[in-house]
Student: 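Below you will find the structure I want to go over with you.
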Amino acid sequence: MTRRSPWGSVRRLPSGRFQARYRVGGVEHLAPHTFPTMREAHSFLAATRTDIERTAWVDLDAGRVPLEEYVQRWLRERPLLRPRTQELYDGLLRLHILPELGSVELCDLKPAAVRSWHAGLLSGPRPGASTAAKSYRLFRSILATAVDDELIEKNPCRVRGAGVEHPKERPIATIEQVYALADAIEPRYRALVLTATFTALRLGELRALTRKHVDLLHATVRVAAQLQELKDGALVLAPPKTAAGVRTVSIPAVMIPELEEQLAHFAAPGLDGFVFPGTRDQPFRRGSLYTAWRRAVRAVGVDELHFHDLRHTGATLAANTGATTKELMARIGHASPRAALI
């Protein structure tokens, strides 16, 4: 038995349940499930028609796209991703998202499946809470775009707090420790250690500094780029991490002689010569720096200190001088007050 309206129809199946169908733009659609009563089937049709008239309707058949296929489209539509970000996304997708969920169609991704996947990330020693949070944030962003594309009605990523990272508090070096590290490390890296501390620049920003970016007369350095080293060893010159990263940073007077020494004996020649090059006037490799850094921290007795902790040390020193949040954001190149305060 079939009961029709000018817009949709309901029929009784051999099982005794009722199936609803309707047309949109000349294309016929079936309800996503059957109904125990004819009244419920007609209620579904009425609600669906209301959604369409209010533009809240989602074509469920359009969401029958495997996640892996949609991800490739999502990435293609973001050609301006920075190389390191692209590399990060590729790794998170390949290792932690697509192995379990890649074959699942978008319309079949439900909150329960997302919770189960996320719990699996946290259940073992790998990938760790920080990587799990990054994976969840990326997955949520991809599915938010699927909602915008009207492929799914709601984002199924609803695990409270799953995208929040809780990194361990990093140590802050004392001024004495900073100078001890500068004394202990290879001479070509001495000024790098001090500049990293007293300007709070990121490592990539320090690697991209050239002679033309250093103004010793006015005691400033200009941050205009960052040098990224990818996992395959490729070096990529890119804009700073955020728009706020393009900035001019003042340097304390105590740094002037150190940078004069660096420019005289270690920096590459010419205005475009790197201030902190490797042994052949080319950008130094992270591996070379970290090898020298590990020897220095062991010699000073601060094995737990990472090179990036010098940036946090510099930001803390600036905050302790009474810098406002806005001034701190400008100095360290953060776009948000929250990041600067952390």
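Just so you know, these numbers come straight off a predicted model, no measurement behind them.
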Student: How about Q19 and R11: does a side-chain donor come under 3.5 Å of a side-chain acceptor?
Tutor: yes

Student: Check this for me, if you would: do R298 and D303 make a salt bridge, where the nitrogen-to-carboxylate-oxygen distance has to be below 4.0 angstrom?
Tutor: no

Student: Sequence neighbours excluded, which residues qualify as salt bridge (charged side-chain N to carboxylate O under 4.0 Å, His left out) partners of E229?
Tutor: R207, R285

Student: Spell out, as yes or no, whether a donor-acceptor pair under 3.5 Å connects the side chain of N155 to the backbone of R140.
Tutor: yes

Student: Judged by atom type as modelled, is there a donor-acceptor pair below 3.5 Å linking the side chain of R82 to the main-chain atoms of A238?
Tutor: no

Student: Nearest 0.5 Å, please: how far is CD in E40 from NE2 in H33?
Tutor: 9.0 Å

Student: Using modelled atom types and a 3.5 Å cut-off, is there a donor and acceptor pairing between side-chain atoms of H213 and backbone atoms of T210?
Tutor: yes

Student: With rounding to the nearest 0.5 Å, note down the distance linking OH in Y70 to CD1 in I142.
Tutor: 8.5 Å

Student: Donor-acceptor pair, distance only, cut-off 3.5 Å: does the side chain of K212 make one with the backbone of L209?
Tutor: no

Student: Run the salt-bridge test on D183 and R190 with the 4.0 Å N-O cut-off and return the result as yes or no.
Tutor: yes

Student: Charged N to carboxylate O under 4.0 angstrom, K231 versus E87?
Tutor: no

Student: Starting at CZ of R311, measure out to OG1 of T199 and round the result to the nearest 0.5 Å.
Tutor: 9.0 Å

Student: In Å, rounded to the nearest 0.5 Å, how long is the span from CZ of R222 to OG1 of T248?
Tutor: 4.0 Å

Student: Ignoring hydrogens and angles, write down the donor-acceptor pairs under 3.5 Å from the side chains of residues 214-221, residues two or more places apart or on other chains.
Tutor:
{"unit_1": "D215", "atom_1": "OD1", "unit_2": "L217", "atom_2": "N", "d": "3.1"}
{"unit_1": "D215", "atom_1": "OD1", "unit_2": "H218", "atom_2": "N", "d": "3.1"}
{"unit_1": "D215", "atom_1": "OD1", "unit_2": "H218", "atom_2": "ND1", "d": "3.4"}
{"unit_1": "D215", "atom_1": "OD2", "unit_2": "H218", "atom_2": "ND1", "d": "2.8"}

Student: Any cation-pi pair here, R76 with W74, using under 6.0 Å and within 45°?
Tutor: no

Student: Look at the side chain of S116 and the backbone N and O of A113, then say whether any donor-acceptor pair between them is shorter than 3.5 Å.
Tutor: no

